[in-house]
Each structure stands twice: as structure tokens, then as C-alpha cells.
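Sequential numbering from 1 along the given sequence is applied to the chain's residues. Counting starts at 1 for both ligands and their atoms, in listed order. Predicted, not measured: the structure shown is a model, and the values here were computed from it.
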Amino acid sequence: MFENLSERLSGVFDRLTKQGALSEEDVRTALREVRVALLEADVSLPVARNFIKSVEKKATGQAVTKSVTPGQQVVKIVHDELIATLTGEADPGKLKIDSPPAPILMVGLQGSGKTTTTAKLAKRLKEREGKKVLMASLDVNRPAAMEQLQILGVQIGVDTLPIVKGEDPVTIAKRARTQASLGGYDIYMLDTAGRLHIDAELIQQAADVRDAVNPRETLLVVDGLTGQDAVNVATEFDDKIGVSGVVLTRMDGDGRGGAALSMRAITGKPIRFVGLGEKMEAIETFEPQRIAGRILG
Ligand code: GDP
């Protein structure tokens, strides 16, 4: 279909390196190609434009034309700029889970991987940090979603709040808090309902739950393969509910990380974790270096 970003970049910079000396015009020509490649990698147009502008300024300022290996120097500037844009928090994997029981609110569209991510994070908190975690599904419209979380809970050895039919999400959230307090849990994770599209009811429900429990973290789960849509979803959720971080799922797919760059540049929200598959272990702390490497190849 279209040329891989890393292939394109290496092609461009190979040519530059071979030229030996770089004129400003060379830099501009190279960066035009980088811009096209970024767009093809699903980076949004304004983000790609700003990114290129910033790199061009730095490249020119650093007198690339006089450097010994100009091509490599431009690569380094592009790489450093990618890292700078992608970096959100020094330690993105560290969740605010002091003062137990700490509520973590999980939000996102249906199919984004929210329930899977809830269980993956619960497992991680249990195994890596020795935390006692309680999970609760608030998806009252989809009993199957509640059962899915329960099944995952059994699989990973993490408790789930018993399902009581007919309760509304706020009541379930409060019941989770009570059970977490009484049961000596460190954390309770609330898996909110998802919809295929953002609608007023979905947002209101999440906002009501937020107001009821005052979460320490509100993590938005978005499908990393959906590019610009992922950014739009994040912008909307953040405006309406306020999110403390983003989890990008399906980063095991053949997406090129463009969504990560746009997400950071447009929403300013830190990416905290990436989902790398369907298995319960398939989650990692977000590492800007890795994504930058993937974008550059
Ligand atoms: P929800 O509707 O947002 O709760 O989505 P689910 O958690 O049910 O996930 C939907 C599907 O995506 C399931 O088949 C998951 O196994 C799958 N999934 C979730 N996260 C990832 C991921 O990081 N990579 C891949 N390849 N699949 C994922």
C-alpha cells in the first residue's frame, strides 16, 4: 500500500549522508519527505507540520551543513524531537495508588480493549507491587461485559465485585468502595460502560461515577490503530470527564505509532501504558524511546 515510514526515512537520510555536506535546501527537501511519511503513519496534519517546523529550526540552528555526518545529525534531531513530544511523565507506569482503597476509573469506547486492560493492570499491580485489587464492572447495559471481567478475574486471581442485577453504575461504584474498605483492598478498579461512539449518556454516566468516588486515576483506553479517531476520542473524554492518562491498545498491530505522537501533541495527556496483545501479560509501560524507534525504524 504505502511505503513504511522507517524505510522512507532511511532512504532519505542515506541519500543525505552520501552527499557529505548539507545545504539548508537539502534539509528542507528531506524534511518534506519526513512530513509525508509522518502523515502516512497516521500522524495528524497540524502535528506533522509543527513537528517539521521545530526540527527544521533546530537543524538549521545547529549548522547541519558543516557537520561531518549531516544525515545522521538530522536523524538525531528528528529522533530527539520525537522523544521530546512523546514524553509525558518521568515514570508513566507509576499509578497514584496511595491512601487505600484507591479508586481507578477506566473509560473508553466499546471494543477499545477497556475490560482486557483493566484486568491486565490489576494483574500487574498484584504481581509487581503486591497490591490487593478489587475489580468491578459498571456496564449495566451489557451483562456479558460484567461476566467477561468476572472470568478474567478468576483467570488472574483478582477479586471482582459480586454482580447484583438492577443496580445503576453509581450504586455499583459505591458498593465497590465499601467492599474495598471493608475487605482491606489497596485499589478498586471501575470498568465503566463503553459504547461504539461517544454519546451524552455515556459521558454523563462516567461523570456521575467520577463525582461519586473521586478517582485517583482516570485512565482512558483507546485503540492505537485508529489514528486520528483515537485523538478525537481522547480530546472529547478529557474535555468532558478529565483523564489522567491514556492506554494505547493494539500496539502489537502493524500501526506505526503515529497515533501516539498526535495524542501527545494534541491532548498533552501522558500515555501511561501500551497494550501489546490479547494475553493478560501483554501490557507494558509506555516508553517514548521505543515508539520513537518504531516511527523512525
Ligand atoms: P472493551 O469493549 O473496550 O472492554 O474491549 P475488550 O477488552 O473486550 O477487548 C476487545 C478485544 O480486543 C478482545 O478480543 C481483546 O482480547 C482485544 N484486545 C484488547 N487489547 C488488545 C491489545 O493490546 N492487542 C490486541 N491484539 N488485542 C487486544
With heavy atoms of [X] as the reference, note each atom of ligand 1 found under 4.0 Å away.
{"X": "Ser112", "value": "3 (O)"}
{"X": "Gly113", "value": "1 (P), 3 (O), 5 (O), 6 (P), 7 (O), 9 (O), 19 (C)"}
{"X": "Lys114", "value": "1 (P), 3 (O), 4 (O), 5 (O), 7 (O)"}
{"X": "Leu109", "value": "3 (O)"}
{"X": "Gly275", "value": "23 (O)"}

Original post:
Heavy atom under 4.0 Å from ligand 1: found in Arg195's side chain, backbone, both, or neither?
Top reply: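 No part of Arg195 comes within reach of ligand 1.
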
Subject >> Location of contacts on Leu276 toward ligand 1, heavy atoms closer than 4.0 Å >> reply: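 Within the 4.0 Å criterion, Leu276 contacts ligand 1 through backbone atoms alone.
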
Spell out, as yes or no, whether a donor-acceptor pair under 3.5 Å connects the side chain of [X] to the backbone of [Y].
{"X": "Ser181", "Y": "Arg177", "value": "yes"}
{"X": "Arg250", "Y": "Gly224", "value": "no"}
{"X": "Lys269", "Y": "Leu220", "value": "no"}
{"X": "Arg175", "Y": "Leu161", "value": "no"}
{"X": "Thr249", "Y": "Gly275", "value": "no"}

Identify the closest protein heavy atom to [atom]: which residue and atom is it, and at what distance?
{"atom": "atom 14 (O) of ligand 1", "value": "Glu278 OE1, 3.7 Å"}
{"atom": "atom 28 (C) of ligand 1", "value": "Gly277 O, 3.9 Å"}
{"atom": "atom 17 (C) of ligand 1", "value": "Arg250 NH2, 3.7 Å"}
{"atom": "atom 24 (N) of ligand 1", "value": "Asp252 OD1, 2.8 Å"}
{"atom": "atom 13 (C) of ligand 1", "value": "Thr116 OG1, 4.3 Å"}

Does a side-chain N-to-carboxylate-O contact under 4.0 Å join [X] and [Y]?
{"X": "Lys58", "Y": "Asp80", "answer": "no"}
{"X": "Lys123", "Y": "Glu281", "answer": "yes"}
{"X": "Asp186", "Y": "Lys132", "answer": "no"}

Can you find an N/O atom of [X] closer than 3.5 Å to an N/O atom of ligand 1?
{"X": "Gln148", "result": "yes"}
{"X": "Met251", "result": "no"}
{"X": "Gln110", "result": "no"}
{"X": "Thr117", "result": "no"}

**OP:** May I ask you to check whether over 12 heavy atoms, not counting those of Glu89, lie within 6.0 Å of atom CD?
**Re:**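 Check passes, neighbour count above 12.
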
Original post:
Touching ligand 1 at all, Ala282? Heavy atoms, strictly under 4.0 Å?
Top reply: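 Judged by the 4.0 Å heavy-atom criterion, Ala282 does not count as contacting ligand 1.
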
Original post:
Heavy atom of Gly194 under 4.0 Å from ligand 1?
Top reply: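 No, Gly194 has no heavy atoms under 4.0 Å from ligand 1.
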
Subject >> Heavy-atom side-chain contact between Ile198 and Leu109 under 4.5 Å >> reply: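 Yes, side chains in contact.
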
Subject >> Heavy-atom side-chain proximity of Leu219 to Val246 below 4.5 angstrom >> reply: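 The answer is no, as the side chains (C-beta and beyond) never meet within the 4.5 Å cut-off.
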
Original post:
Which is closest to atom 1 (P) of ligand 1 in terms of heavy atoms, Gly108, Ala144, Gly111, Ala145?
Top reply: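 Shortest heavy-atom distance from atom 1 (P) of ligand 1: Gly111.
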
Subject >> Sole candidate of Ile151, Leu149, Leu152, Val133 that passes side chain to side chain contact (heavy atoms under 4.5 Å, CB included) when paired with Thr160 >> reply: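 For Thr160, the side chain to side chain contact (heavy atoms under 4.5 Å, CB included) check succeeds only for Leu149.
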
